[in-house]
There are 2 protein chains.
Amino acid sequence: MSILTGKTKIMIAEDDTNFGLVLKDYLSLHEYDVHLYRDGRQAFDKFEKGKFNLCILDVMMPIMDGFALAENIKAKDSNVPIIFLTAKSMKVDMIRGFKIGADDYITKPFDSEILLFKIKALLNRSETIVKAVNEQVEFVIGGFKFNSRLRTIQGFGKEEKLSPKEAALLALLCVYLNDILPREVALRKIWNDDNYFTARSMDVFITKIRKYLKDDPNIELLNVHGNGYRLVVKD
Amino acid sequence: MSILTGKTKIMIAEDDTNFGLVLKDYLSLHEYDVHLYRDGRQAFDKFEKGKFNLCILDVMMPIMDGFALAENIKAKDSNVPIIFLTAKSMKVDMIRGFKIGADDYITKPFDSEILLFKIKALLNRSETIVKAVNEQVEFVIGGFKFNSRLRTIQGFGKEEKLSPKEAALLALLCVYLNDILPREVALRKIWNDDNYFTARSMDVFITKIRKYLKDDPNIELLNVHGNGYRLVVKD
DNA sequence: AATCCTGTTTAACTTATTTTAACCCTGTTT
DNA sequence: AAACAGGGTTAAAATAAGTTAAACAGGATT
């Protein structure tokens, strides 16, 4: 847990008061310190003061919509995980959210278990990323040991040095191990931008990382078409 | 270590009273003598009086920000370890902090375990550096024995004398053994400045140190591109 | 005054890193 | 199956960073 105050602090920005209160109560029951705001402007004012560990933002809100709010939040603290709530399951919306820096999205109405699961996964990821950057974190990837701080990978009788971007991307893949790392998330976090050129650049780095890992036949760095990459370790 | 309490004395400069108090309580629980100040001016006044072993400074504060405070503190006592707290994870900030003389930084929100870990590591390093300069400390580097005070290195049937800067740099590398000594930290501590020319000058000294150590094939003085140097001893 | 020691500066050179471009392949959609 | 967007791989270009030798300067030593 990344806070010193005990409970994990969650912000909900949702203009539908009914729905918002139900959500707030549900999450409060699961030991979260939940704060509900009715529009983007209000939510952003509060965000600047309180230290939130996670934000759940409705895409459609008056005054400042979820996308605009997310952009402002990411500008203040680019590490806070953000989950978008969207009524439509339209793919366009999800992609736009990811480009802005969303870490996940969920469509209304939703399964409350799934939301809890996503919250846990996101908080865990956010924590692992913080550790990977600050501490001496060693990721074990099949027969390799990868140190994200020293930017070294050793295994199969050799040790190699990784460049900063190579190391950052591999660390992200490790955080999402066996799960999909969405392209947009990686581009946002490492390149701070998501356009045609940074995307092609990322492809080049994927190839490089595949080369570093090629000695272990149990490791695969799979592409999920139109979505992202998945680092899979068989056992 | 404080003479009266026997405890290590830590200064926190943080304008967010809420966050500051929580942090203070948390560190107090871990046997530190913690003093909290709300702005840079107040913190600096107190620094001049009490002997602090470590300072944790928020970058963004009213009246005097963390960077300005750090500069004043370093001018008074260049050996006190400083940790910067920064909300943004922006690399620019970290680099600026290092250039001013930070020994480490941590981005908010952070894992409290990581902070404790960093405090311990820094206090340990700071102590070793003081000893290396004032006392007779012998560092063992592979097959060599290096005395930082006498500035001698012996091994493989010969003894050589090091110049003051050579010895200072090697001592720093020893303190950070197997870990990265960031360029900025070395430049700040030894050259008291960080610009293009002192950086090139440091590179020259790295070459000189490599020559002193070349007889032992288990010793490597590795560059970590864009970051610093790592003295690695294989065994 | 000549010499040595130390550290600084310069500059030519080498290597690392990232971006861009080219060309080809693979799923997806109509 | 044709058209197209997304992805894979490699090489080249562009930039950034690090290495090294050698010339230089200033103070200390002989």
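Chain letters run A, B, ... following the sequence lines, proteins first, then strands; residues in each count from 1.
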What pairs of donor and acceptor atoms, side-chain ones from residues 174-182 of chain A against any protein atom, are under 3.5 angstrom apart with sequence neighbours left out?
{"from": "A/N178", "atom 1": "OD1", "to": "A/V233", "atom 2": "N", "distance (Å)": "3.3"}
{"from": "A/D179", "atom 1": "OD2", "to": "A/R125", "atom 2": "NH2", "distance (Å)": "2.7"}

N/O donor-acceptor pairs under 3.5 Å from side chains in residues 112-121 of chain A, not counting sequence neighbours:
{"from": "A/K118", "atom 1": "NZ", "to": "A/D104", "atom 2": "OD1", "distance (Å)": "3.1"}
{"from": "A/K118", "atom 1": "NZ", "to": "A/Y105", "atom 2": "O", "distance (Å)": "3.4"}

Please tabulate, one pair per line, all N/O donor-acceptor pairs under 3.5 Å involving side-chain atoms of residues 153-160 of chain B, not counting sequence neighbours.
{"from": "B/Q154", "atom 1": "NE2", "to": "B/E159", "atom 2": "OE1", "distance (Å)": "2.8"}
{"from": "B/K158", "atom 1": "NZ", "to": "B/D215", "atom 2": "OD2", "distance (Å)": "3.2"}

Which pairs of donor and acceptor atoms, one on a side chain in residues 217-225 of chain B, lie under 3.5 Å apart (sequence neighbours left out)?
{"from": "B/N223", "atom 1": "OD1", "to": "B/H225", "atom 2": "N", "distance (Å)": "3.3"}
{"from": "B/N223", "atom 1": "ND2", "to": "B/G228", "atom 2": "O", "distance (Å)": "3.4"}

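An angle of 10°, rounded to 10°, separates the two end axes of the helix from C/dA1-D/dT30 to C/dT30-D/dA1, each defined over five pairs.
Comparing atom distances between the B/F205 side chain and each of C/dG7, C/dT9, C/dT20 picks out C/dG7 as nearest.
At a non-hydrogen distance threshold of 4.0 Å, nothing from residues 145-159 of chain B comes into contact with DNA chain D.
Taking the side-chain hydrogen bond (donor to acceptor under 3.5 Å, both in side chains) definition, one finds that B/K165 meets it with nothing, sequence neighbours left out. Every residue was checked against the ring pair (Phe, Tyr, Trp, His ring centres under 6.0 Å) condition with B/Y229, not counting sequence neighbours, and none meets it. By the side-chain hydrogen bond (donor to acceptor under 3.5 Å, both in side chains) test, A/D194 pairs with A/K99, sequence neighbours left out. In this view, B/T198 and B/N195 satisfy the side-chain hydrogen bond (donor to acceptor under 3.5 Å, both in side chains) rule, not counting sequence neighbours.
With rounding to whole Å, A/Y212 atom OH is found 10 Å from C/dT17 atom C1'. In this entry the distance linking CD of A/E160 with C1' of C/dA16 reads 14 Å, nearest Å. The distance from atom CG of B/N192 to atom P of C/dG7 is 14 Å, rounded to the nearest whole Å. For the pair A/K208 NZ and C/dT20 P, the computed distance is 13 Å after rounding to whole Å. The distance between atom CG of A/N195 and atom C1' of D/dA5, rounded to the nearest whole Å, is 17 Å. With rounding to whole Å, A/W191 atom CH2 is found 12 Å from C/dT20 atom P. Atom NZ of B/K165 and atom P of D/dG27 are 14 Å apart (whole Å). Atom CD of B/E166 and atom C1' of C/dC5 are 11 Å apart (whole Å).
In this model, the phosphate group of C/dC5 is not approached by any side-chain N or O of B/S163 to a distance below 4.0 Å at OP1 or OP2.
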>> So if I define the base as every atom that isn't primed, P, OP1 or OP2, how would nucleotides 7-19 of chain D read as a B/S/- string at a heavy-atom cutoff under 4.0 Å?
In response: BBBB------SBB

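Residues in residues 198-220 of chain A take part in these ring-ring contact (aromatic ring centres under 6.0 Å, His included) pairs, two or more places apart or across chains: A/W191-A/F205.
Between B/R183 and B/D203, at least one side-chain nitrogen of the basic residue sits less than 4.0 Å from a carboxylate oxygen of the acidic one, meeting the salt-bridge criterion.
Judged by distance alone, with hydrogens and angles left aside, the side-chain atoms of A/D103 form a donor-acceptor pair with the main-chain N or O of A/I82 at under 3.5 Å.
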